[in-house]
Amino acid sequence: MSSSSRLIAPLTKPVFRAQLCSKQANGHIAFVPQVRKLVFEYSQNWSSSTNTRTYLKNNLQNLARANPHVEIVVRQRANRQPIVRGLYLNDKEKVIPLNGFEVTGIENKVQLLLDSSGTKIKSLKRRTVESTTQSARGIWSGLHDTPFQI
C-alpha cells in the first residue's frame with residue numbers, strides 16, 4: 001500500500017466528560033437571588049416605629065453582611081406607619097407594614113421578602129385553561145346578537 005492510499009483520520013480534539021454537562025441556570029449550579037433592594041421606611045417620632053428602630057439599630061449591619069447582593073436603604077417617613085419594601089429583578093415590589101410586630105416578627109417579614117421571588121402567589125388547586133389555538137366557534141359573548149367572525 002502506498003502512503004497516499006492510507007486514510008488519514010482528521011485531527012479532532014478529545015471530548016472530556018466535564019464538557020458534556022448542561023449550562024448553568026438559576027437553581028442548577030448557581031442561584032441568582034430575585035430581590036435586589038430593601039427599603040425600610042419609619043417615623044422617628046411615632047411609637048409604632050419603636051420596634052422598627054430597634055431592629056434597624058441592632059440587626060441592620062448583620063443583615064447587610066449576610067446579603068451583599070441586596071441594596072439596603074433606610075429612609076424616614078414623617079408621621080407614617082413603618083413599612084419594608086422589597087424590589088425585585090422582575091420590576092415588581094412587595095410592601096409589608098411593620099407596625100404591631102416585635103423585633104423577631106420584623107426579622108421574619110424581612111426574611112420572607114428576601115426569600116420570595118416577587119411574583120404573585122398562584123393557587124395550585126385549580127389551574128386555568130390556557131389554549132394555544134383559537135376556538136373553532138370564535139369568541140363567545142352574551143352581548144352579541146350575531147356570532148363574532150374570526
Q. Has the side chain of Tyr88 got a donor or acceptor atom that lies under 3.5 Å from a matching backbone atom of Leu113?
A. yes
**Q.** Distance-minimising heavy-atom pair for Arg77 and Ile83
**A.** NH1-CD1, 3.0 Å
Q: First locate atom CD of Gln76, then atom CZ of Arg53, and finally report the distance between them rounded to the nearest 0.5 Å.
A: 9.0 Å
Q: Report the C-alpha separation of Leu63 and Tyr55 in whole Å, then their side-chain angles, then the decisive distance to 0.1 Å, and conclude whether the side-chain contact (heavy atoms from CB on, under 4.5 Å) test is met.
A: CA-CA 10 Å; Leu63 178 70; Tyr55 174 79; 3.9 Å; yes
**Q.** Heavy atoms from other residues, nucleotides or ligands near CD of Gln61 exceed 12 (cutoff 6.0 Å)
**A.** no
**Q.** Minimum-distance pair of heavy atoms, taken over all atoms of Val95 and Pro97
**A.** O-CD, 4.0 Å
Q. Using 4.0 Å as the upper bound for N to carboxylate O, is an ion pair formed by Arg85 and Glu41?
A. yes
Q) Hey, what do you get for CG (Asp115) to CD (Gln111), rounding to the nearest 0.5 Å? A) 4.5 Å
Q: Evaluate the side-chain proximity of Val70 to Lys37: yes if any heavy-atom separation is below 4.5 Å, no if none is.
A: no
Q.
As an exercise, state the distance from CZ of Arg36 to CG of Asn90, rounded to the nearest 0.5 Å.
A. 9.5 Å
Q: Determine, using the 4.5 Å side-chain heavy-atom cutoff (strictly less than), whether Phe101 and Val103 are members of one ILVMFWY cluster.
A: yes
Q: Please indicate whether Lys109 has more than 12 foreign heavy atoms, meaning atoms of other residues, nucleotides or ligands, lying under 6.0 Å from its NZ.
A: no
Q: For the pair Asn99 (side chain) and Gln81 (backbone), establish whether a donor and an acceptor sit closer than 3.5 Å, ignoring hydrogens and angles.
A: no
**Q.** Transitive ILVMFWY side-chain link Ile106 to Ile72, under 4.5 Å
**A.** yes
(Q) Quick check on the hydrophobic clustering: are Leu112 and Leu114 connected, directly or via other members, by side-chain heavy-atom contacts under 4.5 Å? (A) yes
Q) Do Ser43 and Pro82 touch side chain to side chain, with heavy atoms closer than 4.5 Å? A) no
Q: Just do the side-chain contact (heavy atoms from CB on, under 4.5 Å) check on Tyr42 and Val74 with the steps written out, would you?
A: CA-CA 8 Å; Tyr42 70 98; Val74 177; 3.5 Å; yes
Q.
Within this structure, what is the CG-CD distance for the pair Leu87 and Glu93, rounded to the nearest 0.5 Å?
A. 5.5 Å
Q: Answer yes if Leu56 and Val39 sit in the same cluster of Ile, Leu, Val, Met, Phe, Trp and Tyr residues linked by side chain heavy atoms under 4.5 Å apart, and no otherwise.
A: no
**Q.** Rounded distance (nearest 0.5 Å) linking atom CG of Asn62 with atom CD of Glu107
**A.** 9.0 Å
Q) Hey, does Ser49 have a side-chain heavy atom less than 4.5 Å from the side chain of Gln44? A) no
Q.
Please tell me whether Leu60 and Val110 are part of a single hydrophobic cluster in this structure, the criterion being side-chain heavy atoms less than 4.5 Å apart.
A. yes
